[in-house]
Amino acid sequence: MQSVSTEPTSSADGNHEEVYDVVVAGAGFSGLYMLYKLRAQGLAVRVLEAGSEVGGTWYWNRYPGARTDSESYYYAYSFSRDLAQEWCWKERYPGQVELFDYLNHVADKFDLRRNISFDTRLVSAHFDESGNSWQLTTQNGGNISAKYFITALGVLSQPNLPYFSGLDNFKGQWYHTARWPHTPVDFTGKRVGVVGTGSSGIQAIPEIAKQAVELKVFQRTPNYVVPSQNHLTEPSFEQEVKARYDDIFREAREHWFAVPLKMAGRMAPDFTPEQQQEIFEAGWRKGGFRFLFETFDDIMFNPETNARTSEFIRSKIRSIVNDFEVAERLTPRDHPYGSKRPPVGTQYYETYNLDHVSLIDVRKSPIQEITDSGIRTADASYELDCIVFATGFDAFTGTLNQIDIRGRGGRELSRKWESGPLAYLGLMTHGFPNMLMVTGPGCPFTNLPVCIEENVDWISTCIEHAEAEGVAQIESTEDADQFWLDQVNDSTNQTLVPLGEQANSWLTGANIEGKYRGPTVYFGGADKYFQLCAEVARDGYKGLERRI
Ligand code: NA7
């Protein structure tokens with residue numbers, strides 16, 4: 001490939017086919033930075049985006065209360081000092097609107113929109129061996145050809161709407177949190193049901209309760225909700241952060257979760273129960289992930305420490321929720337804290353003290369059907385005007401499997417992954433030459449923007465090297481894929497995360513019926529993962545096959 005132009009060319013036979021060096025699917029955090037990098041390398045890049053605007057996760061998830069669980073100053077790009085200095089985060093945890101504005105600002109600042117096709121959903125991507133190119137088709141009937149195909153589709157993008165008999169008959173309005181309307185939904189005076197108490201439901205429930213006349217929460221598995229302790233950004237904090245942004249992002253890359261926080265540096269067994277209690281209390285006051293990261297370093301690994309942590313949260317539930325029976329129903333007992341992705345809430349448990357909010361245990365009494373006027377469980381019927389499904393996502397592979405992706409010999413990616421998400425470093429997979437993934441299956445459990453930047457930098461350097469050396473095809477070897485799946489499995493098995501399977505955790509694929517069961521995320525630490533990726537590149541792309 002000798003491309004020096006950033007403009008596409010038409011195919012030689014004169015058919016309506018656009019030809020690019022690289023096609024990137026997705027214009028969220030990953031796709032925007034991928035475009036910025038590759039365009040700077042002089043490549044002709046086209047980004048295909050199903051939505052009408054940039055933003056990805058922060059374009060689709062507009063439900064009330066949607067915000068990050070990571071703190072704003074590090075849930076951000078670090079590649080542009082200028083951007084980091086000029087952007088002022090309003091809150092400790094940015095809400096959807098603020099993040100959407102931020103990503104739009106990035107698109108404007110770096111003039112990215114001109115290379116993005118909006119309202120353009122990619123439906124298929126087939127590798128053409130004779131032409132050594134990816135042939136892509138879009139829902140709008142577009143045909144595109146590119147040497148490289150990069151997925152920047154996010155980790156949690158394919159909404160999961162479980163089958164509920166009778167949903168079509170429901171006469172009220174229903175919504176999925178991840179496909180929220182663009183015009184605000186007004187629940188004032190409405191009887192609302194929320195199905196699901198994962199991170200999305202936990203954020204939405206207190207906000208919906210502020211408007212609804214009646215709110216019924218249909219809970220299957222109770223969760224461990226740590227308070228966010230959200231607040232406005234103090235000017236002095238902002239100044240301090242901006243003065244040390246370089247250090248902050250370096251520190252994030254040295255942390256196992258890619259956050260610029262210090263590990264607690266202590267293990268619970270070294271402390272008396274009274275001291276442990278004080279440390280937990282301090283963590284609770286700090287809120288959010290600081291409860292996990294700044295109390296004890298063995299919470300995710302040591303069953304005893306975890307039992308104490310889980311019990312501490314249970315005691316908080318009992319102390320916040322007035323009604324003993326409701327508190328009992330809200331109390332998780334079937335999985336340890338952190339074995340499902342830990343949620344963060346704002347006034348979550350307090351919401352159950354409101355008279356118009358009630359909690360329905362649908363593990364005990366499952367949802368039987370959606371009627372024309374509400375939800376019928378095994379032992380009661382509930383009249384509702386609106387239903388909100390906060391039922392999560394088909395993580396990682398779910399998003400990719402929505403696209404008909406076929407590699408060498410017409411091999412389907414979805415078939416390949418039926419026996420496990422084989423993807424070397426979460427970046428590429430054997431049999432799919434010149435296809436690269438930003439935060440693909442097996443990427444680390446991490447603060448995503450930092451991992452995204454690391455992945456994008458790695459991919460763009462890999463392509464730069466391949467082009468400089470005149471390489472026609474790069475892909476991971478079968479052994480490298482298996483090596484990484486083993487790493488993903490081994491690292492996860494050293495934590496308590498496998499125990500989340502019994503509570504339908506998406507970290508093990510267990511939230512989706514019929515999906516491959518097994519770890520989906522690398523738990524060896526983001527810091528170690530970044531080092532490994534750097535080593536692979538330094539050692540001449542060990543684990544990759546390259547054909548001239
Ligand atoms: P989650 O965390 O997967 O939560 C989905 C919720 O929906 C969870 O409480 C499920 O209960 C519930 N659910 C799913 N199917 C059903 C049925 N059929 N009946 C009743 N309840 C059901 O998704 P979120 O969107 O909240 O969060 C996803 C990630 O986004 C989060 O981890 C952060 O990384 C950000 P279950 O637990 O399966 O019993």
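All values below were derived from every heavy atom in this structure, side-chain atoms included, with hydrogens, water molecules and symmetry-related copies excluded. Read the numbers this way: they start at 1 and go in the same order the structure lists the ligands and their atoms.
Judged by a 6.0 Å distance limit and a 45° cone about the ring axis, Arg62 is positioned over the six-membered ring of Phe100.
Contact annotation for Ala390 and ligand 1: only backbone heavy atoms (N, CA, C, O) come within less than 4.0 Å of the ligand. The side chain of Phe164, and not its backbone, has at least one atom closer than 4.0 Å to an atom of ligand 1 (non-hydrogen atoms only; side chain from C-beta on). If you look at Pro162 next to ligand 1, the close heavy atoms, those under 4.0 Å, all belong to the side chain.
Listed by chain and residue number, Glu207 satisfy the salt bridge (Lys or Arg N to Asp or Glu O under 4.0 Å) test with Lys210 (two or more places apart in sequence, or in another chain).
The nearest protein atom to atom 19 (N) of ligand 1, hydrogens excluded, is given as Arg220 NH1, 3.8 Å; this is a heavy-atom distance. At the top of the distance list for atom 32 (O) of ligand 1, counting protein heavy atoms only, stands Trp506 NE1, 2.8 Å. Closest to atom 39 (O) of ligand 1, if we only count protein heavy atoms, is Thr221 OG1, 2.5 Å. For atom 25 (O) of ligand 1, the closest heavy atom belonging to the protein is Ser200 OG, 2.6 Å. Protein heavy atom in closest approach to atom 34 (O) of ligand 1: Arg341 NE, 3.1 Å. Nearest non-hydrogen protein atom to atom 31 (C) of ligand 1 is Ser199 OG, 3.4 Å. From the protein, the heavy atom lying nearest to atom 9 (O) of ligand 1 is Thr197 N, 2.9 Å.
Geometrically, ligand 1 and Asn511 share no nitrogen or oxygen pair separated by less than 3.5 Å.
Distances below 4.0 Å separate heavy atoms of Leu156 from the following atoms of ligand 1: 29 (C), 30 (O), 34 (O). Less than 4.0 angstrom separates some heavy atom of Gly392 from each of these atoms of ligand 1: 3 (O), 5 (C), 23 (O), 24 (P), 25 (O). Listed by number with element, the atoms of ligand 1 under 4.0 angstrom from any heavy atom of Asn504 are 36 (P), 38 (O), 39 (O).
Residue pairs meeting the ring-ring contact (aromatic ring centres under 6.0 Å, His included) criterion with at least one member in residues 194-219, sequence neighbours excluded, are Phe218-Tyr382.
Within the 4.5 Å cutoff, side-chain heavy atoms of Cys451 are placed close to those of Pro444.
A ring-centre distance under 6.0 Å is not found for Tyr74 and Trp89.
The aromatic rings of Phe29 and Tyr77 sit tilted relative to each other, their planes meeting at an angle between 30° and 60°. The aromatic rings of Phe291 and Trp284 sit perpendicular, their planes meeting at an angle over 60°, well past the 30° parallel limit. Using cut-offs of 30° and 60° for the angle between ring planes, the Phe257 and Phe445 rings count as tilted.
Ionic pairing of Arg67 and Glu98 is not present here: no N-O contact between side-chain nitrogen and carboxylate oxygen is shorter than 4.0 angstrom. Salt-bridge annotation for Glu418 and Arg415: present, with a side-chain N of the basic residue lying under 4.0 Å from a carboxylate O of the acidic one.
Under a 4.0 angstrom heavy-atom cut-off, Lys340 registers as being in contact with ligand 1.
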Checking Lys216 against Glu383 for the salt bridge (charged side-chain N to carboxylate O under 4.0 Å, His left out) test, could you report, in this order, the C-alpha distance in whole Å, the side-chain angles of both residues, the deciding distance, and whether it holds? CA-CA 10 Å; Lys216 306 248 179 287; Glu383 298 285 304; over 6 Å; no
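Residue nearest to atom 4 (O) of ligand 1, selected from Pro332, Gly500, Gly198, Gly196: Gly198 (by heavy-atom distance). Remark: among candidates Val195, Val344, Leu448, the nearest residue to atom 21 (N) of ligand 1 is Val195, based on non-hydrogen atoms.
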